[in-house]
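Read the structure below first, then the notes.
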Amino acid sequence: MTSKREPLLEQIQYNRRNQKAAMHSLRFLSAGALVSNRELIKGNIGSVAHNLFPLLFKASYLQEQGEVLHDLVANWPLKELNIGKLLGKTTDHQEDISSRACSVCLTSCLTGLRDYVLNCTSPYAKRLKLVDLTGLKDVEVQLCNCRKTMGRWARTELLSKICYDLLVEMQRLQFNPDVFEISVDVLTDVFVTERSYELVVQALLMRCHCPLKIRCASFRVDNLALRKLFYIIKLTDPSLLLKFEIVHNVRLEMEHLHMLFNNVHFPQLTSLTLPARTFDVRRFTPEDEAILVGIGEKLSQMTQLTELSLAFSTLTGRIRKLLSPLKTPLKVLDVSNCSLNHVDMAYLANSLHSSSLEVLDISGHDVGDLYPSTFFKLLNRSSYTLKNLVLEECNIQDTHINMLILGLVPCRKLEELKFLGNPLSSRSLKCLFNIFIDFPRLRYIEFPVPRDCYANDISYPIGEADLSKFDHQKYERIAEELNMILLQAKREDIKASTPIFGGYDAAIQETGNELGATLLKSFRDALESFNKALQEMN
């Protein structure tokens, strides 16, 4: 006998198909059918109207038709190829697929770009002047069928290799001299490590001779010696750089940063991230105080700077010297684990930055006990602009809940709140979640494992070895109750989770093996040095 649920199920599936189809215009559906036949496209690409190329590009990308993508890019008839815009929402296809950093598709696009230069077509037909790769988003879950991603590091490596190989090929073969007149700027986010350094340097050095000219919108360096950092940053054309990240395993200290700023200027820089322990006031000398003031003055010359990350530097009592020279208020500030004292917090609460902050990370500071009034004032001053607040391992306990709620309530524009690692009970978390439902723009919460899920003798902050030693069944019950609060308030739009080992980082995910190998080498070198010292003592 046929189940009564089957017609209902069929109706639901039919509605879903119609909703999905409604997002696609008839033009896009036709384009999808066309690109599914690669031979047809290849044989007739010269007859395709120029204004249809963007439509065919997105349809091909969605189907992962690598060969068709290659042919489209190799014959691109327009002045600009902006991948972020092409994959974003369009009138013909409402879905934004710019988070699909699909390896198959991006490899096809970049090799197609190489063949665009090598194609022996009329130079009159070659109108392309700008390729923009910066709109791609690297996310944890890839929806493409191949499940193989090409992150920022891999895109940098492949683009550099293509630029180098292109010059070699142009020297080897006989070409029409008009080919050497082609000049295409390729705007991209450059990500360099020790492993890719030589290849990227080659591409940047030969940029003036190559038809494809790498232009850096942002530059991230990871696991690189200082002398190499100083050399390659000059090759990126720092006068045009917007974002500069110096991260893991780069031993940049304050005097090195001062030297860098004295020799390289960043007039357009909007975002700066410095590695851990760049500053350490515990070993400051009078000369170091002067250097710190000098760095503050250099930062003030970066008139476009609105984002600054100083995480894991020790800046006790010195944050004013560094930030007060800035003439432009910061929108993003990361001072997590910087050992700030009451004077620092008072400066932040009263500074010109506080009323402009959109993202604030003050993790690792005991905000409830050390400076409750100034922390409350900082939240109140930033409440009109604050969108993202991070308070991880701030020793926020049940006794601080009322203070925290009073501080958060004015922040009506808050979109993300992360407060992992705080010793809060399930009861306090439920109180907070009942407040969160009234935040109209809130979309993401990271909350800690409740204190009552751990053993009584556990101490905070919890070491990495003990993070996962909690009652998982009890946690699941509490998490379900917290999510039920959101559901009953019809706030399914809020996602709440507990990533106990931290959130997803695309860059670390991509280069984790290299970073791990470097750390092992450093550990081995340290053991060898220790062993040698013991032998000399004997």
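Just the heavy atoms: all of them, side chains too, but no hydrogens, waters or symmetry mates, feed the values below. Just so you know, residue 1 is the first one in the sequence shown, and it goes up from there.
Aromatic ring pairs are classed by plane angle as parallel below 30°, tilted from 30° to 60° and perpendicular above 60°; the pair His365 and Tyr371 is tilted. Ring pair Phe261/Phe266 is perpendicular by interplanar angle, where above 60° counts as perpendicular and below 30° as parallel.
A distance of 9.5 Å separates CG in Leu482 from CZ in Phe436, rounded to the nearest 0.5 Å. Between the CD1 atom in Ile500 and the CG atom in Leu420 there is a gap of 9.5 Å [rounded to 0.5 Å]. Rounding to the nearest 0.5 Å places CG of Leu187 at 8.0 Å from CG of Leu133. Interatomic distance, Thr328 OG1 to Leu352 CG, rounded to the nearest 0.5 Å: 8.5 Å. Taking CG of Leu340 as the reference point, atom CZ of Arg318 lies at 12.0 Å (rounded to 0.5 Å).
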Open item on the list: Go through it in stages, so that I can follow the logic: the residues are Phe279 and Phe284, the test is ring pair (Phe, Tyr, Trp, His ring centres under 6.0 Å), and I'd like the CA-CA distance, side-chain angles, deciding distance and then a yes or no.
Closed with: CA-CA 9 Å; Phe279 303 96; Phe284 263 26; 7.7 Å; no
Task: salt bridge (Lys or Arg N to Asp or Glu O under 4.0 Å) evaluation trace for Asp493 with Arg443 - done: CA-CA 6 Å; Asp493 55 326; Arg443 294 295 180 270; 2.9 Å; yes
Open item on the list: Set out, in order, the CA-CA distance, both residues' side-chain angles and the distance that settles salt bridge (Lys or Arg N to Asp or Glu O under 4.0 Å) for Arg215 and Asp185, then state yes or no.
Closed with: CA-CA 6 Å; Arg215 304 296 184 193; Asp185 288 334; 3.1 Å; yes
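A pairwise comparison of heavy atoms in Leu158 and Met150 identifies CD2-CE, 3.6 Å as the closest pair.
Salt bridge annotation for Lys321-Glu297: absent, with no cationic side-chain nitrogen under 4.0 angstrom from a carboxylate oxygen. Salt-bridge check for Glu307 with Lys243: failed, with every basic side-chain N at 4.0 Å or more from each acidic carboxylate O. A salt bridge does not link Glu157 with Arg195: none of the charged nitrogens is closer than 4.0 Å to a carboxylate oxygen. At a threshold of 4.0 Å, the pair Asp138-Arg155 counts as salt-bridged, since one of the basic side-chain nitrogens sits closer than that to a carboxylate oxygen. Between Asp96 and Lys89 there is no salt bridge, since none of the side-chain N atoms of the basic residue sits less than 4.0 Å from a carboxylate O of the acidic one.
No donor-acceptor contact under 3.5 angstrom links the side chains of Ser383 and Asn380, judged on distance only. Checked by atom type, the side-chain pair Asn483/Glu481 shows no donor-acceptor distance below 3.5 Å.
Figure legend: cation-pi geometry between Arg220 and Phe191, with NZ or CZ positioned under 6.0 Å from the six-membered ring centre and within 45° of its axis. Cation-pi check for Lys495 over Tyr444 is not met; the charged atom does not lie both under 6.0 angstrom from the ring centroid and within 45 degrees of its normal.
Tested against Ser218, the residues Asp189, Thr134, Thr188, Thr270 include a single side chain to side chain donor-acceptor pair (under 3.5 Å) partner, Asp189.
The backbone N or O of Arg152 lies less than 3.5 Å from a partner atom in the side chain of Thr156, making a donor-acceptor pair. Judged by distance alone, the side chain of Asn350 and the main-chain N or O of Tyr347 form no donor-acceptor pair under 3.5 Å. Between the Arg381 side chain and the Ser354 main chain, no donor and acceptor come within less than 3.5 Å of each other. For the pair Asp280 (side chain) and Thr314 (backbone), a donor-acceptor distance under 3.5 Å is absent.
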If you look only at distance, which donor and acceptor atoms sit under 3.5 Å apart when one is on a side chain in residues 401-416 and the other is two or more places apart or in another chain?
{"from": "Arg412", "atom 1": "NH1", "to": "Asp438", "atom 2": "O", "distance (Å)": "3.4"}
{"from": "Arg412", "atom 1": "NH2", "to": "Asp438", "atom 2": "O", "distance (Å)": "2.6"}
{"from": "Lys413", "atom 1": "NZ", "to": "Tyr384", "atom 2": "O", "distance (Å)": "3.2"}
{"from": "Glu416", "atom 1": "OE1", "to": "Asn388", "atom 2": "ND2", "distance (Å)": "3.0"}

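For residues 450-468, every residue pair satisfying the salt bridge (Lys or Arg N to Asp or Glu O under 4.0 Å) rule, not counting sequence neighbours, is listed here: Asp452-Lys474, Asp466-Lys469.
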